[in-house]
Each structure stands twice: as structure tokens, then as C-alpha cells.
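A short worksheet on the structure shown next.
Worth saying up front: this structure is predicted, and the values here are computed from it rather than measured.
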Amino acid sequence: MELNLLTICYLIASVTFIIGLKMLSNPASARKGNLVAAAGMTIAILGTIFLYESEGQKLHNYAWIFGGLLIGAVVGTLAAKKVKMTAMPEMVSLFNGMGGACAALISAAEFYHIYELHKASPDTAFADIIPMGSYITIAAGAIIGTISYTGSIIAWGKLNGRVKDFSFKGQHIVNMIVLALTLAAAVFAYRSTVGTIYLPFILIGFFAFIYGILFVMPIGGADMPVVISLLNSFTGVAAACGGFLYDNKAMLTGGILVGAAGTLLTILMCKAMNRSLTNVLIGSFGGGGTTGAAGGKKEQGSHKEISLSDTAMVMAYANKVMIVPGYGLAVAQAQHTCHELEKILEDKGVEVKYAIHPVAGRMPGHMNVLLAEADVPYEKLLEMEQANDEFKTCDVVLILGANDVVNPAAKTDPASPIYGMPILDVELAKTVIVNKRSMKPGYAGIENDLFFQPKTSMLFGDAKKVLQDLCAEVKSI
Amino acid sequence: MESILNWVSENQQIIYIVILMIFVGIEVIGHVPSVLHTPLMSGANAIHGVVIIGAIIVMGKAEPDNYFALVLGFLAVILGTLNVVGGFVVTDRMLEMFKKKK
């Protein structure tokens, strides 16, 4: 009876995961979708704790279980509530890593369990104890989970600037070798006897650990969202391995669902940035950037600067101003100040709109979230196509910490690494004012011709500081 | 070869589920607008936290005096819960921002 109830719990959970994902992909129902999936998850967890039976035995160690749940829930909630909106992507990466580590630990525990059961006869071949299918799932869970864990931690470190891009010549070959060693260790472990199983199993974990680091290390920061999404689907597969191991349908469906959806999402993200997945992983950006360097060496003209008061003047007397927010705005936490400037300008009868590039910020959709947080009305956020239609009617375009998404090289220079990426055609406007901290190239590491065009003026400084000063200046006009 | 074929037919139910789920997963998010990529990724991230169930099972099956297994399971439960709870809360916070626009 109770086991049947548990089956129902898992069934409900699986269905809510599917419905939840479906609702999450539609703006109107997204928030509810998240709650639906969370409710399903709660049912599955409670069901497992109270109804699960294995060989007629209930689970025990309740104190440990609830202790773990409590610690995880408190820390998780606090971390998720405290994190700044701009740091959201690295938080997701971190949580993803936790999931991967969890899957790897489950495999390790299962491995240890099998070892304990058979340690009385150390000479038995491991292959005689468990069928190959089960062994593959255990090993795959350990390998994929570990890769996902170390990869996510590196991705987290890269996004918050603690880990720098690092690559060396022939790294792809080294990566391949490490991956091959991981698989070799897995095969070797299966061929070992129970008594000698320890070393190969530790080697599996060790090589997978190294591979996760090497896998993410050379990939450029701008491509991190794609990598996180990919690692996300890895963790899904690792979770599904656990589902296979325990013949648990909720884990299996949830894991595979995320594995498949995550892979598709990775591809969609690549498309939004007009990059191919292989390109991201092999890394033309991150691999030292031979193409990027070539673009950067090109002789540039001189740029001109504009003062704050001139900027304020130009904007206050414009009919229509388009703001192009980029990562610089996000880093400076300037979304609220930006909204304030927008209101002041509107009071002066200036029409203000925002042009949002699909990959503005650090992740697709990231900028929309940030501006929504600052109460910017939704109608003011234009998507790229709409914005490109409107630029020619704009008097002023104010670019806040965006660079690659307004780089005309994407259209004109086939040698540029971002060639072919859809960009915002800001040069159609009458005046372009670019706020940046310095002339340093953006994430793709390439120069931007836009900054040297006659209609472009540079306004250097931290986005927040500049916007605050602009607010004051415009007010006083 | 023989053993692989046996394994497939023994586990055909699961293999069917896996294949169907791959299609479902691709199908349900096929038309997601790019604005929702980040929240969707975050939501999916929370869903694979279902791995916590495995952690609970490991923990609950461990012998009370087997400290190594207990510690492994305990760590797994904490990490899994972090993934689930953190994932859903972060996603909700992101989507809360979207709701305000109405």
C-alpha cells in the first residue's frame, strides 16, 4: 500500500516536472511553472523519506536526513535570497555544481556499499558481482557528476572574476587524454578484484575532477552561460544515472528531462549569440584569440570625449533617447539610477526607450531581469529587431557598458571573431554616446570601430557614477 | 554482446522512458523566447536537484554504525538540498522581476 503510494508520488513529481518546464518557457506562466515543479519536488522528497522501502526495510537515520535537509534548505534559501541580481548566473552555476557533486557522492556511496557487501571475498572479480549495465550507470554518475561539479565551480569563479582564462598550446589534446584516462580507469575498475578496487575508483574521480577543470578553463567568460547550461544538462544526466541505479522513475524522468531540455537550451543560447556549440567549446575566443588579436592590431583613428554637462544638454534637448544597457551597467549595479535618469528625461518631455540585445549582460534575458528589478516598464524594453527599426528616429543613443553587441565589425569584417552575430545598429541614430570605464576592448577582446566614428563620443567613468551625475546635471537644466 | 542484449531487454521499460523523455524535454522548451533563457536554465537546474532522492535513499539505507557511508550520504543530502532549494528560490526571484512589469 505504502509503496504504491510512493509510486503515485513519483508519478506526480514526474508530471509536475514536465508541466513546470513547459510553463517556464512561457513568460505569462513562468513563475507558476517554477512553483508547480517545486511542489512536485516536495512531494517526491517527502514520499521518499516516509514511504520508501527496500527489501521490506524502511529507511532509518532520520536525524541525519532531516539534519542534512535543514542545513541545505537554510543555507540554500539564504544564499539565493541574498545574492545580488547581477550575480545570479554564478549562483545558478554554483547550485548546479552542488547537484553534480551530490550525484557523484551517490555513486561513490553505492560503490562503497557494494564493496562492503563483498569485502569478505577480496579475490572475486568486480565484474562478477554487478552486471555491466549497473556498473556503467554507477561509473557514469560518478564521472559526469564530478565533471559537472568542478566545471561549475570554475565557471562560477570565472563569472565573478576569481578565475582567469587559462589555456596552453595543445590543451585540447591534453583534455582528450585526461578524458581517455578517466574512461580507462572506469574500465580498469570493472576488471579489478574487490580487494583492489579502491585505487581505480579513486582514479576515476581524480581524472574526472581534473577533466572538469580543464574543460572549462580555456573557455572565455562571454561564453560562460552556454557552458553553465551545458553543465546543467550534464548534471541532469548524472541524476538520471542515479534514477537508473535505484530504479527510481522520478529521478530518471527529472534527470533525462533536464538533460534533454538543457542540451536544447544550450543550442538555443548559442543561436541567440550566433555561435556554434563546437566553436564555443573549442574556443576561438578563449584559445588565446589569434583572430581577436588580428582584429585588435588594426590601426584605429582617434576617439573623442564628451563632458558630462554636454551629454546632459544633448540628452535633455533630444526628442528621443535610446539607452543600450550592457554588462557595464550590471556590474556597476546602475539599473536603478538608469531608471531614475529615464524618469527625469521623461519629465522633460524626452521619449526614452531601452534597446535590449538578446545576450546583453551575462546571459540571455539577464538584462531584462535587471531592468525589471528597477521597475522599468516592460513596454520600454525593445527587443533587437524593434530597436533596430527605431534607431533612425533617435536623436541620442546612450550606450552603458555595452561593447560587442554594438560592434559594427560583426557585420562588416568577416575576419572578426564576432562576425555574423546580430548587433544593434546604433550608428543609425544621430548621435551616439558611449559610457565605458576605459577604451579597453570588451569580452570578445576585440576593438570596436564604433568608438572611432565621427558621430560617436566617449563618456568615460563607472556607469553608476556617471548616471548619478547625469541625473543631477539634467535636473539642473 | 549477449550480456548487452540481455541487459537491454531486462531494462526495456527504463530505456523507453529515457527515449520518450528526451523527446518530451526537447519538445516542451522548443519555443522559449530568449528573454526566458536564464530563468529556464535556473528552473531546470532546480529540477535536476531531484538527485536528492538518491541521496536520501543512500543516507537512509546506511548502517547507523558505518560512519563513512553516513558522512557520504549526509554530504550528498546537504548538497542535493542546496541544489533544490537554492535553485527554486533563485528562479522564483528572477521570475518575480518579470511579474512586476504588468
Side-chain angles (χ1 to χ4, degrees), chain A residues 17 21-22 24-25 30-31 34 37-38 41 48 59 61 64-65 68-69 71-73 76-77 79-80 91-92 95-96 98-99 101-103 105-106 109 133 229 232 235-236 239 242 246 250-251 253-258 260-262 264-265 269 272 358 363-366 368-369 372-373 378, chain B residues 3 7 17-18 21-22 24-26 28-29 32 34-45 47-60 62 64 69-70 72-92 94-95 97-101:
Chain A
F17 294 161
L21 266 190
K22 175 91 199 159
L24 267 169
S25 54
R31 198 172 181 203
N34 185 47
M41 185 72 76
T48 310
L59 294 176
N61 302 323
W64 287 79
I65 294 178
L69 284 174
I71 296 175
T77 313
M91 203 71 225
V92 173
F95 286 140
N96 181 45
M98 300 296 120
C102 178
L105 284 177
I106 291 172
S229 175
N232 192 25
T235 313
Y246 296 114
M251 281 170 83
T253 49
I256 295 290
L257 199 60
V258 174
L264 178 65
L265 186 60
M269 279 187 181
M363 286 196 175
H366 191 195
N368 301 64
V369 173
E373 187 203 10
Y378 186 63
Chain B
S3 67
W7 184 81
I17 294 180
V18 168
M21 272 302 145
I22 292 175
V24 172
I26 291 173
V28 287
I29 68 147
V32 58
S34 65
V35 183
L36 279 177
H37 281 177
T38 304
L40 179 65
M41 176 167 93
S42 178
N45 173 46
I47 289 176
H48 71 49
V50 71
V51 68
I52 176 75
I53 292 179
I56 294 174
I57 295 175
V58 165
M59 177 91 264
L70 280 178
L72 273 187
F74 187 61
L75 274 179
V77 171
I78 293 180
L79 293 174
T81 319
L82 269 174
N83 187 181
V84 173
V85 177
F88 280 121
V89 175
V90 158
T91 314
D92 191 59
M94 284 186 204
L95 293 168
M97 304 295 155
F98 279 84
K99 216 184 114 209
K100 268 198 211 154
K101 75 203 172 192

Next on the checklist: Between A:Tyr246 and chain B, with a heavy-atom cut-off of 4.5 Å, which part of the residue counts as in contact: side chain, backbone, both or neither?
Outcome noted: side chain

Checklist outcome for this item: Comparing B:Leu72, B:Leu70, B:Ile52 against chain A, the one with the most heavy-atom pairs below 4.5 Å turns out to be B:Leu70

Next on the checklist: Closer than 3.5 angstrom, by distance alone: can the side chain of A:Thr77 be matched with the main-chain N or O of B:Val85 as a donor-acceptor pair?
Outcome noted: no

Item to check | Closest contact, heavy atoms only, B:Val51 versus A:Cys102 | outcome: CG1-SG, 3.8 Å

Item to check | Heavy-atom pairs under 4.5 Å with chain A, option from B:Ile26, B:Thr38, B:Val24 with the top count | outcome: B:Thr38

Checklist entry - By a 4.5 Å heavy-atom criterion (distance strictly below it), what part of B:Val84 contacts chain A: side chain, backbone, both, or neither? => result side chain

Item to check | Interchain contact, A:Met269 with chain B, by part (heavy-atom threshold 4.5 Å) | outcome: both

Next on the checklist: Counting heavy-atom pairs under 4.5 Å with chain A, which one of B:Val58, B:Ile17, B:Ile57, B:Leu75 comes out on top?
Outcome noted: B:Ile57

Checklist outcome for this item: Applying a strict 4.5 Å limit to non-hydrogen atoms, the region of A:Ala79 in contact with chain B is neither

Checklist entry - Under 3.5 Å, side chain of A:Asn61 to main-chain N/O of B:Met59, donor-acceptor pair present? => result yes

Item to check | Partner chain A: residue of B:Val50, B:Val89, B:Leu40, B:Val90 with the largest heavy-atom pair count (under 4.5 Å) | outcome: B:Val50

Checklist entry - Between A:Val92 and B:Met94, is any pair of side-chain heavy atoms under 4.5 Å apart? => result yes

Next on the checklist: Determine whether a donor-acceptor pair (N or O, by modelled atom type, separation under 3.5 Å) exists between the side chain of B:Asp92 and the backbone of A:Asn34.
Outcome noted: no

